[in-house]
Amino acid sequence: MSDFPFLSVLTVAPLVGALVVVFLPASRGELAKRIALGWSLAVLVLSVFMWIAFEAGGDRLQLRESYSWIPRWGVNFTFAADGIALVMLMLIALLVPLVILASWHDAEKSKRSVPVYFALLLFLECTMIGVFAAADVFLFYVFFEVMLVPMYFLIGSYGGHQRQYAAVKFFLYSLVGGLFMLAAVIGLWVVGGKTFDWQALTQIDISTGTERWLFLGFFLAFAIKAPFFPFHTWLPDAGGAAPAGAAALLVGVLDKVGTFGILRYCLPLFPEASKWFAPYAIALALIGIIYAALLAVGQNDLKRLVSYTSIAHFGFIGIGLFAFTTQAGTGAVLYMVNHGLATGLLFLVVGMLVARRGSALITDFGGAGKLVPLLAGVLFFAGLASLALPGTAPFISEFLVLIGTYTVNKPVAIIATAGIILAAAYVLWMVQRTTQGTLNPALSGVEAMRKDLSVREKVVVAPLIALLLLLGFYPKPVTDVINPAVQATMEQDLGKQDPAPTVGTVQEAHR
Amino acid sequence: MDLKLPDIDYAALAPILVLFGASLVGVLVEAFIPRKRRHLTQLVLGLLALTGALVAVVLNAQDRVVTAGGAVAVDGPTLFLQGAIVVLAGMALMLIGERSVQRGGAFVAHAAVTVGSPEDQRQAADEGGATEVYPLTLFAVSGMLLFVAANDLLTMFIALEAFSLPLYLLCALARRRRLLSQESALKYFLLGSYASAFFLFGMALVYGFTVGAGGTGSGGGVDFGTIRTAVTDSAASEVLLFAGLALLSIGLLFKIAAAPFHVWTPDVYQGAPTPITGFMAACTKVAAFGGLLRVLHVAFSGASWDFTPVLGAIAVLTMLVGAILAVTQTDIKRLLAYSSVANAGYLLVGALVLSKDGLSSTMFYLVAYGFTVLAAFGVVTLVRDADGEATHLSRWAGLGRRSPLYAGLFTFLLLAFAGIPLTSGFTSKFAVFGAALDAGQSWLVIAGVLTSMILAFPYLRVVVMMWLSEPGESTPTVSLPGGLTAAALMIGVVATLVLGVAPAPLLDLANGAAEFVR
């Protein structure tokens, strides 16, 4: 079973699906949707088998496959997954069919080709899986850059207001980061003795100065992608303009490439530089938490608001990554998954609201709960999950990040806690202004606002709600997979031991 | 004095001789074949000659000889670049020979007729284009083949003139916008003559240096072996050497369109008939870089510590000028012209790495870029309205709706220019930057990466225009290409994809060829 080439098949399958769908005539939109949904479900089934084949306590990198690509440069198609990549692959495989189902009618509204929209979604899935499954730095870079192309067209061709501006901004920001990374990739290749193999590259010695420059090249690309303050300004525009489904993938998965990249490439390849830069990275993350939360409070556009909340959440992930404890690191990875579920749900629900109202402005809503109680309820739940209410999955990850950070750096943990309070403010205020209170008279005039969740929409939100609750009470299956990988990163690569538990003696507690 | 005839290895010279002979036959065709049949005859003759030359190059593949009294070196780089020029010229010839996109083709029938006169209107309406373009193109190609093989400065100069003069003429032969075309030819000719004069003067100074270096009695020379020995061994004053090298470089940098010698590029690229623009952007670039590589690697490698900083600064300037000015362009041909300037900068980064890696990566880049740029100009010939090609960018708005296929192909080519992975643009940039970083030229790589960021913007703007803007009243349609343009376009696009996805075979070929005979 574990001999099956899961990762390469998972990468190629969506691409084949995309090619099938894109060549359908524009009039066969309905068929294209069905094929795309079926295809993405097949990918989901396959990835469940992959999950089963993965041994939680086994080798760090499993499911390894390697095929020669450009021998002269030492480039191979090397795929391998650790626990971190595995959970992200599962998240992708789960979100894509839901997004396809949720965007069932999105493409028609834009007057553009329906099959192309779904082909782009499948192509995006191919690149996203590839970027997490790659264990060759060159291959990773290829997917990292190519990923921009389908997302660019999803935003630019099918987006809403100001979509051109948002698409170009998204592309240029990411490309700038990517080109810095390209310089660092080439540099790493030269100092690493002309190999791109991740495992070989973790073994090399780099002089301090070079290591810091290379770290910066990678980090800049990932910080733009994630995004961390002050490289975040593209996300609200892109998230606001993208169709809801694409936005859910953008924030739910695409941006995780940034945090995943830090964990997979920056920390293991440049451990000394990572330690040297950690205080700065944590400072950026902290500023991001507070600053983005404050901006979120002030937003009047629902999709932009959710985008800002994401930037704040990425701050928490950033702290967790650079605290260098297993607890915080596990929390950060778990946060990546949970955030994908929670914010993905939030974006999809907001998309349903916006599609009914025809506007994303909060002031155009008000008392919507009276018309669509079920939808309002789901929005409320998604909001609560997003602010990390205990009982929902994000709570556990946020808590892990904070206690993991507290053991090594108390002030940071305390400042970050302020972000939780702000999160309550922006989420609750948004829910209140859109669904609670007196009914906005303009709202009842809109015919679509009288329709509550359809069966299709219920099928979209149900699995996400179930998973958020399940992982909120029983995260063990996920943490068991993540923990060894994070521990290996922190202990083997960075040489950091977790501080001994300080419970027990009074003296210890007073130190 | 006893003069001895040098030995000539005719087999090694066969590619050049085949094309040279074919262009002479082409001149005879003009004289003896009836006008109606000339077009087809010339086109077939040209394609056959190029095929013959390619076969000769392939048969010579293992040759590593210096022949014709030391004037011509047939070695790995020569053969690789000759093959590249011949293949690219074949694509260009397909674009040149296209007549179904526009009645009579892209060329004027009688270039001497006054623009705007009744006669001119008559010939614009229904006369087939001048068929002299075929022998002219073949002359230019044979000159290019000699240029990359030249092993002394005099032969190089003759080859330079042999491929430049036909190009000056070809630029003046556009069917539409004839004044612009004639202006561009005049500009190219005047500036090109200056550049040639610089080259000649530089040659004289270098000759003087070798005479001084060799001491009394032994005499000097302009062949690369003599120069190389003089540069390495000489204790003589290097003023003549540096002055000579600087002037020679000006001549060569003019041809490759490096800043600050690039000013002709946008005007000539815009004014010339588009197939000729593509021909220049692909083949002239390969030839000019071939010459520059040989001069730097073979003749002056001993002075690399002295010229690398200066030429490196020129490379940075070229990349910057090309990238920044490309941002402000509103005409697609001018935009591609500035992009070609910037690409000359990236190529210079590779050319300055005097190692096997530097040489092979530069040659790889030349081939990859040639295919992409020819295909791009091929698309430009198709986007047209009643007045000919619609080159203003605003006219491309919404093209993606009108003709998704060609807009899609052009988007792919633009992504290749921007260096997105899975295109040849990425692999070739990677090759060049990798070689430069390996040689410790990190400042050139950083400049290259930064300018790539700037350069992405103009390409993206075209993509936005084509796909994200609504089609306006004035959006031209894309003409259905004839078989020739379609073939050239497909070759270019497929090569761009294949060299991006599976570059290994060509990389190996370039690497195997990357050694000059000295």
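Just so we're on the same page: letters track the sequence lines, and every chain starts at 1.
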Practice problem: Name the option with the most non-hydrogen atom pairs under 4.5 Å to chain B; the candidates are A:V185, A:V142, A:V75, A:L148. | Solution: A:V142

Quiz item: Between atom CD1 of B:I446 and atom CH2 of A:W213, what is the distance when rounded to the nearest 0.5 Å?
Solution: 7.0 Å

Quiz item: So, do B:Y459 and A:F171 have ring centers that fall under 6.0 Å from each other?
Solution: no

Exercise. Just give me the residue among B:G434, B:A502, B:G419 that pairs up with chain A most often, heavy atom to heavy atom, under 4.5 Å.
Key: B:G434

Quiz prompt | Trace of the salt bridge (Lys or Arg N to Asp or Glu O under 4.0 Å) decision for B:D357 with A:K194 | solution = CA-CA 13 Å; B:D357 275 351; A:K194 310 269 171 97; 3.8 Å; yes

Practice problem: Determine the minimum heavy-atom distance between A:L172 and B:A456, stating which atoms define it. | Solution: CD2-CB, 4.2 Å

Exercise. Nearest 0.5 Å please: distance from the CG atom of B:L460 over to the NZ atom of A:K169.
Key: 14.0 Å

Self-check item: Minimum heavy-atom distance A:W69-B:P503, with the two atoms named
Solution: NE1-CD, 4.3 Å

Self-check item: chain A contact via B:R461 - which portion, at a heavy-atom distance below 4.5 Å
Solution: neither

Self-check item: Contact summary for A:W73 and B:T427, nearest pair of heavy atoms
Solution: CH2-O, 3.2 Å

Quiz prompt | Nearest atoms (heavy-atom pairs only) where A:V176 meets B:M453 | solution = O-CE, 3.4 Å

Quiz item: Under a 4.5 Å heavy-atom cut-off, does chain A meet the side chain of B:L415, its backbone, both or neither?
Solution: side chain

Quiz item: Quick one: OG on B:S452 to CG on A:L175, what's the gap to the nearest 0.5 Å?
Solution: 8.5 Å

Quiz prompt | Heavy-atom closest pair, residues A:V146 and B:P421 | solution = CG2-O, 3.7 Å

Practice problem: Inspect the surroundings of CD in A:E65 and state if more than 12 heavy atoms from other residues, nucleotides or ligands are less than 6.0 Å away. | Solution: yes

Practice problem: Mind checking the CZ-CZ spacing from A:F138 to B:F426? Nearest 0.5 Å is all I need. | Solution: 4.0 Å

Quiz item: Side chain, backbone, both or neither: which part of B:L507 has a non-hydrogen atom closer than 4.5 Å to chain A?
Solution: both

Quiz item: Taking atom CD1 of A:I70 and atom CG of B:D508, what is their separation to the nearest 0.5 Å?
Solution: 10.5 Å

Exercise. Decide ring pair (Phe, Tyr, Trp, His ring centres under 6.0 Å) for A:F196 and B:F430; before the verdict, give the C-alpha distance in whole Å, the side-chain angles of both, and the deciding distance to 0.1 Å.
Key: CA-CA 13 Å; A:F196 281 111; B:F430 182 90; 5.8 Å; yes

Quiz item: In terms of heavy-atom pairs under 4.5 Å, which option from B:G448, B:A431, B:A418 contacts chain A the most?
Solution: B:A431

Quiz item: Which distance, rounded to the nearest 0.5 Å, do you find between the CZ of A:F143 and the CG of B:L422?
Solution: 7.5 Å

